[in-house]
Amino acid sequence: MVDVAKNPVIASSKNLAASANGFYDIGIDVGAISTKVLILHNAKDIIGKKVLPTTMQPDKLAKKMMDLLLKEQGIKREAVKHIIATGQGRKVIDFADMARTEITAFAKGAYFLFPQAEVAVDVGGQGIRVMKLGEMGIVSDFRTNVKCSSCTGCFIDAMAIALDVGIENVGELSSSSLNPETISTTCTIFAESEVVSLVAKGKKKEDILAGLNAMVAKKVGAVINTTRTRGPVFLGGGVGLNVDVIRKLKERLAMDIYVPAYPQFVGALGAALFAPNPLIEEEEYEEYEDEEEKSQEKGSFFSRLRSRREK
Amino acid sequence: MGKEIQNNEIESRYLIDKEGYFSPEQKERTGKKSREMANNVIEILRGQKNRPKTMHYFDELLSYGGKRIDEIISFRNSGGKVVGTTCVMVPMEIIGALGAKGVRICSGYYECVHPSNELLGDAGLCPLVKSTLGAKMVSANPLMDVLDLLVAPATCDGKMKLAEMMEDWVPVVMLNVPRVKTGDTTSKLWLEEIKYLIRKLESLTGERLRKKYLLREIRKWNAANRAWNDLMGFRLAKKPLISGRDAMIIAQASEIDDIDRWTVKVNELNQNLKQMDDSGVYAGEENAARVMLAGSPMIFPNFKIPTVIEESGGIIVFDELCSANRILNNPVIVDETNTSEIIRALAERYFFPCTCPCFSPNDERITRLKDAIKNYNVEGVVFHTLRGCHLNNLEGTKIELVLRDLEIPMLKLESEYDEGDVEQVRTRVEAFVEMIKARRKVKRKKKKK
């Protein structure tokens with residue numbers, strides 16, 4: 001049903017860790033709900049990853065997770081070339097070498113995993129972010145949810161708690177529904193009371209969940225449609241684990257949707273990919289270059305304008 | 001003309017049961033918080049890299065309860081008339097020529113929104129309108145307590161009803177703005193409205209509009225226009241010498257300051273900027289993304305979005321806001337000696353180049369936007385709409401499509417005066433700046449090939 005693109009970059013970690021040559025980069029994605037840490041070897045192989053709920057001290061948590069991962073893989077701290085942070089809490093990670101926004105990092109990760117994608121969709125804990133990918137995977141346009149984080153990960157989380165269902169079972173349980181209910185409100189608080197009243201009416205859990213997932217698919221689909229894309233779509237983020245949402249979204253958009261094997265780690269992967277790669281000589285073109293070299297021109301506005309027009 | 005100012009018999013339509021509603025404590029709190037907000041913003045502005053000292057003059061001018069207020073109060077006490085305006089479409093030259101002082105009263109204070117919310121309910125209305133009304137309701141803006149007359153062009157719905165509500169305190173002259181620019185009667189109607197304004201101002205000041213004074217005022221404002229255009233030249237440079245926020249406060253200062261003194265100060269600043277240019281000192285970050293700001297007005301101290309842009313590695317090189325560049329970008333060209341022809345020239349200067357989205361057709365806006373993108377090497381446009389600014393919201397879509405053809409990315413932000421969404425906005429703006437910088441790479445690689 002769902003095209004789960006097999007993640008080509010997961011290598012057998014033991015062999016790689018043993019090989020002394022190569023370098024490691026770490027991507028840390030401090031999301032609203034969970035923190036993800038990932039070790040990347042030679043800028044292409046993921047050799048270790050970890051996800052834990054974000055705490056009040058994300059920097060300490062990330063450090064702990066990173067140290068644990070390094071220990072598990074038997075990698076020395078000195079072998080790590082760069083640490084790049086992303087996510088909402090990226091600025092808190094003081095030991096990171098640089099920080100990138102979750103939008104740019106996710107797009108980078110998406111382009112790495114699935115370069116054919118026209119849009120990359122990140123449905124995370126509190127945000128729906130849709131990035132249109134242009135040439136060389138550069139973001140050419142992006143849309144996000146504004147002000148309200150309805151129909152994101154935390155929404156499904158709250159509903160799962162209200163229904164007393166484990167979050168990891170939501171997708172499968174909902175897929176088994178034969179008679180989905182309709183949920184009419186998108187507000188998390190109102191939806192919760194609607195769910196409670198449906199339970200009181202004796203409705204089945206899977207039917208209620210199917211209704212909720214349909215609503216999530218509708219909202220995510222609406223954000224995707226604002227970019228006027230025809231697909232294919234790459235979808236990641238925690239909600240990518242919910243197979244029913246993906247199926248419903250696919251029906252809704254009538255487009256191919258590709259979900260990686262580890263949708264939660266796309267942002268962290270993208271962050272790690274931002275590390276300068278010593279294997280590829282890449283020149284930095286960050287500087288703003290004026291095509292016509294107007295920097296030489298001085299004087300008032302009008303004289304500059306005049307000299308431009310004369311050219 | 002059927003319109004008459006009814007000084008004595010104003011019917012309280014909106015605020016009839018709100019007399020004495022606000023306690024002195026609430027008034028005091030609003031004033032205190034507004035002062036804090038203004039001080040905070042000025043502190044942030046003063047923390048900018050390589051900011052010329054001359055800018056302090058403009059900071060003080062706009063600061064809450066600054067010296068300028070005292071000057072205006074003493075001007076009024078000595079018999080002068082103070083005329084408030086709510087829009088850039090009011091010809092300041094005419095007000096000045098009649099010996100009155102024109103001041104724009106649009107408010108950017110967040111705290112003043114609350115009294116309006118209590119009156120109007122939180123109905124998704126424009127925060128600028130609510131803040132301006134609220135400032136008057138609780139007397140939080142000393143400027144508004146010294147008005148003898150308010151001139152309000154009926155542009156958008158919010159401004160029109162704001163003027164109507166303001167009638168409860170101050171006589172209002174509402175100008176009927178013809179919103180269809182290509183209409184048969186448009187030009188004639190607007191000229192008649194300006195003539196009506198002149199009559200009203202004449203009866204307020206007790207003087208007649210004389211050509212000598214009108215020409216003097218036009219000269220003054222044209223000199224101000226020139227000074228401003230020179231300043232814009234420093235934003236055009238490869239490395240801009242002045243930040244967008246500083247330019248914004250300079251432009252806004254012109255609307256309350258004595259225009260002669262303002263021009264002198266701006267020319268002085270231009271000299272300083274030239275010195276900076278010669279010694280290789282620039283504003284903004286290294287390789288900052290060149291951003292254009294478009295959309296709804298941003299009145300001091302509501303500098304949330306420009307601050308986020310300039311703190312996230314961007315620099316605002318141009319704006320098309322009626323609270324900044326559009327105040328001073330059109331000099332009046334007088335080629336006639338006849339007073340009525342001068343008035344016509346003035347009326348047209350304030351009407352036709354105005355690219356407010358309340359007009360249709362508004363192709364002028366697109367043309368100007370395209371020109372500015374080319375001339376100022378704009379790399380991305382941040383289109384900002386205040387909540388409830390339907391006109392800008394609607395036009396934003398059209399502008400986005402135009403920009404797509406030009407391959408200029410646009411970020412659309414909707415926000416209010418409160419600071420609640422600042423981190424969300426920051427993430428999006430940072431991603432936007434990252435995107436602009438990444439595009440440079442692609443552009444260069446393509447060029448190399």
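Chain naming here is simple, since letters A, B, ... match the order of the sequence lines and numbering starts at 1 in each.
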| query | Do B/Glu379 and B/Lys437 meet the salt-bridge criterion of a basic N to acidic O distance under 4.0 Å? | reply | no

| remark: Among residues 129-142 of chain A, those lying within the under-4.5 Å heavy-atom range of chain B are A/Glu135, A/Met136, A/Ile138, A/Val139, A/Ser140, A/Asp141, A/Phe142

| query | Could you give all pairs that pass the side-chain hydrogen bond (donor to acceptor under 3.5 Å, both in side chains) test and reach residues 398-408 of chain B, with sequence neighbours left out? | reply | A/Arg143-B/Glu400

| field | Non-neighbouring partners of A/Tyr111 that pass ring pair (Phe, Tyr, Trp, His ring centres under 6.0 Å), sequence neighbours left out | value | none

| query | If you look at every heavy atom in A/Val266 and A/Pro260, which pair is closest and at what distance? | reply | CG2-CG, 3.8 Å

| said: With a strict 4.5 Å heavy-atom criterion, list every residue of residues 310-318 of chain B that contacts chain A, or say none. | reply: none

| query | Is B/Asp421 paired with B/Lys304 through a side-chain N to carboxylate O contact shorter than 4.0 Å? | reply | yes

| So, are A/Asp59 and A/Lys91 salt-bridged, with charged N and O less than 4.0 Å apart? | no

| field | Minimum-distance pair of heavy atoms, taken over all atoms of B/Ile327 and B/Ala251 | value | CD1-O, 3.6 Å

| said: Please confirm whether the ring centroid of A/Phe234 lies under 6.0 Å from the ring centroid of A/Tyr258. | reply: no

| request: Give, as side chain, backbone, both or neither, the part of B/Leu411 having an atom under 4.5 angstrom from any heavy atom of chain A. | output: side chain

| task | Answer yes when B/Glu430 and A/Arg90 have at least one side-chain N-carboxylate O distance shorter than 4.0 Å, and no when they do not. | result | yes

| message | Counting only non-hydrogen atoms closer than 4.5 Å, does A/Gln88 touch chain B with its backbone (N, CA, C, O), its side chain (CB onward), both, or neither? | response | neither

| query | Is A/Thr152 reaching over with its side chain to a backbone N or O of A/Gly125, donor-acceptor style, under 3.5 angstrom? | reply | yes

